[in-house]
Amino acid sequence: MLILLLYFMHGRSGLQASETLTMGKDNTSEMQNGNDKKCLGRRVLSAGDLVQGRLQLNGSKGVYSGRKRPLWWLFRHVRSIILTILLLGFLFLLDSFMFSIFHSLHHLTASSTQSEGGRIGLVNNKEERRSPVKMYDRLLNMAASSLAEREFKQDALRLWQEPYSRAASKWKPCADRKSAEVFKFVRAVKLNDTGYILVSANGGLNQQRVAVCNAVAVASLLNATLVIPKFLYSNVWQDPSQFEDIYEEEHFMETLKDEVNIVKDLPPHLKLLDLETAGSIVTDADMSKEATPDEYIKTVLPILLHNGVVHFLGFGNRLGFDPLPSHLQRLRCKCNFHALKFVPKIQETASLLVKRIRNHGGSRSMLDKQLLGNFISHNHNELLPMNTSTRYLALHLRFEIDMVAYSMCEFGGGESERNELQAYREVHFPLVLERLNKSKTIISPEELRRSGRCPLTPEEAALVLASLGYKHETYIYLAGSEIYGGEYRMQPLTTLYPNLVTKEDLLSPIELAPFRNYSSQLAALDFIACATADVFALTDSGSQLSSLVSGFRTYYGGGRAPTLRPSKKRLATMLSENKTIGWSSIEERIRKMIDEGQKVHSRGVGRSIYRHPRCKHCMCKLH
Ligand SMILES: *[C@@H]1O[C@H](CO)[C@@H](O)[C@H](O)[C@H]1NC(C)=O
Ligand SMILES: *[C@@H]1O[C@H](CO)[C@@H](O)[C@H](O)[C@H]1NC(C)=O
Ligand SMILES: *[C@@H]1O[C@H](CO)[C@@H](O)[C@H](O)[C@H]1NC(C)=O
Ligand SMILES: *[C@@H]1O[C@H](CO)[C@@H](O)[C@H](O)[C@H]1NC(C)=O
Ligand SMILES: *[C@@H]1O[C@H](CO)[C@@H](O)[C@H](O)[C@H]1NC(C)=O
Ligand SMILES: *[C@@H]1O[C@H](CO)[C@@H](O)[C@H](O)[C@H]1NC(C)=O
């Protein structure tokens, strides 16, 4: 009931906002509590409306008028209260009627999250589920009332800050410092070139990023010259993008030139060599996972010295984190955080995207500077202080069908869900099924859930955000591609948080067109929008995007870039009590869990340097 109420009120303000937008007037009418927020209800607008709204807004200066606000505020409240009372009466009578309105209003999620250029072109509409899938009705109702109570309270600042900001801000980026060690090393490499390393990296954008930086370290380890890495075309990602389509080649070579020789192509005499027959191809099967430097020296160096070239075909996660000589560790870090800069085409569109998410707010942080380069959006309007831009939370829901099917978990969708996922596995993961059929012990879906191996559903993500205290109007940027189950799965989340947008909502089809068929380039837009968010909420710490983005926020965030990392296992324990647990108890436990995930540690042994850059090779700690 309360959800409906909230929704209806929201719908009104959304319409109002769209009117003011297209009229090119003050769009701050929903302001409450000073500069606190603008509830624009932008999800009601289509991308076309948005573009139109933007053009007109650009034409009108001075959109900010502080003095009007108290009156507006009061006015809105009186109206809202009257509306509330009226609606409550109506709602009891017209419950079923409202429900249909609710559904017809609710058209955003599934259609807009179906990114055509999404990572995996799965269409999943043959299922005829007519009702939203909910696993925790009781908790959702409690979350809705809690959000309703909070509606007119001031937004808690702590939600947008790192709790251990002071400790975090002591760590400064410094992987690009030049030291005597580097110079000694440079000369040695240039004198002692052992040959050429070719790399064809596997996976999507983020796996490839890791592979590139590992290749840089391997080239340095072997005193070899690195040829600019190639990206393998995969049937899963279906993206023919190459290095230069995503990263700036010149910047990459220039940044690393003191440490590694990098060239664009093999010299002519080696191009003629048949690498296969010469035995110069090294695949991931030839190396152990997270291999040590010794293994490279033993297995790869002899080939390199003999043939003058080695091709790592399908290179992935093949260089361990510890032990590794200090200069190689530092080099990897420098590669990831300094040498890989997105090309202007990506930066420009990402800048537009971020500007629209922030509702025209100017740029604020070092993260912006790093990721958007010259396309950083400046705040030209002096009347508009920096801190009036809309805060946003970026959410990476790793809940696409591949992940969902792979997990072997169940998500409350009953028989039809079970059959659908099984059918998907038969097509896409036959080896997994084969392995399962052979193994004696079968782990039940309940056991998988208990042990924290099930990806979080949109519903569970909504419960986490609501327990933490994010308000109903919170502006959420949703990263990733098509959510499994679409609209019906998303509904618990979009009902609690209707201001949820994707890049497809914020960019017009024309602006997105150059990226359409390039899933890695689309993923780069998500990468940037997540890294520059005021808060980044991940749902799966194993995901490469989440992991690299959280590393970026640690490296460049200066203690002002909070990342929320729920523990799937702890959450599963709490939610197993979904029929009995009280709301305040779940709030307390979730807050504690998130708080613990935000403590400042230096990198543990064996942990990824890309994800945990707080270590002496990457960052300098002030005392
Ligand atoms: C080149 O590397 C070899 C080992 O591979 C080493 O013995 C030799 O001293 C190095 N040469 C120079 C000039 O550093
Ligand atoms: C690389 O060069 C350094 C410095 O000359 C040398 O110490 C090292 O042994 C060489 N490594 C390889 C694998 O050639
Ligand atoms: C906005 O920034 C100004 C100074 O830049 C500061 O005085 C003010 O307190 C800030 N307001 C909020 C709500 O953070
Ligand atoms: C499991 O393996 C057995 C025999 O190897 C086979 O008959 C059966 O069809 C397999 N089951 C599945 C689900 O693949
Ligand atoms: C993208 O791919 C679709 C089909 O795969 C094709 O019809 C379309 O022309 C492509 N668009 C661009 C811009 O390459
Ligand atoms: C919800 O609670 C019921 C009753 O305690 C429990 O059986 C069920 O497994 C819980 N659901 C989940 C997804 O944990």
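Atoms within a ligand are numbered from 1 in the order they appear, just like the ligands themselves.
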Got a donor-acceptor contact below 3.5 angstrom from the [X] side chain to the [Y] backbone?
{"X": "Arg425", "Y": "Ala405", "value": "yes"}
{"X": "Asn307", "Y": "Val309", "value": "no"}
{"X": "Gln329", "Y": "Phe321", "value": "yes"}

Below 2.5 Å, is that where the SG pair of Cys174 and Cys618 sits?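 Looking at Cys618 and Cys174, their sulfur gamma atoms do not lie closer than 2.5 Å, so the answer is no.
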Between Asn223 and ligand 2, is there a nitrogen or oxygen pair with a distance under 3.5 Å?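 Looking only at distances, the answer is yes, because the N/O contact criterion of under 3.5 Å is met.
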So, Tyr555 versus Phe337, ring centres under 6.0 angstrom or not?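 Yes, they do, as the ring centres are separated by less than 6.0 Å.
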Measure centre to centre between the rings of Tyr484 and Phe411, then say whether the value is under 6.0 Å.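 No: the rings miss the under 6.0 Å criterion.
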Going by the order shown, which atoms of ligand 2 are within less than 4.0 Å of some heavy atom of Leu301?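 Counting from 1, the qualifying ligand atoms are 13 (C).
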Using the test disulfide (SG to SG under 2.5 Å), find all partners of Cys409 that sit at least two apart in sequence or belong to another chain.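 Testing Cys409 for disulfide (SG to SG under 2.5 Å), a comparison that skips the adjacent residues, returns Cys454.
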For Leu221, which part has a heavy atom under 4.0 Å from ligand 2: side chain, backbone, both, or neither?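 Backbone only; the side chain of Leu221 stays clear of ligand 2.
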Every pair of nitrogen or oxygen atoms between ligand 6 and the protein that is under 3.5 angstrom apart - can you list them with their distances to 0.1 Å?
residue: ligand 6; atom: 2 (O); partner: Asn578; partner atom: OD1; Å: 2.9
residue: ligand 6; atom: 2 (O); partner: Asn578; partner atom: ND2; Å: 2.4
residue: ligand 6; atom: 5 (O); partner: Ser576; partner atom: O; Å: 3.4
residue: ligand 6; atom: 11 (N); partner: Asn578; partner atom: ND2; Å: 2.8

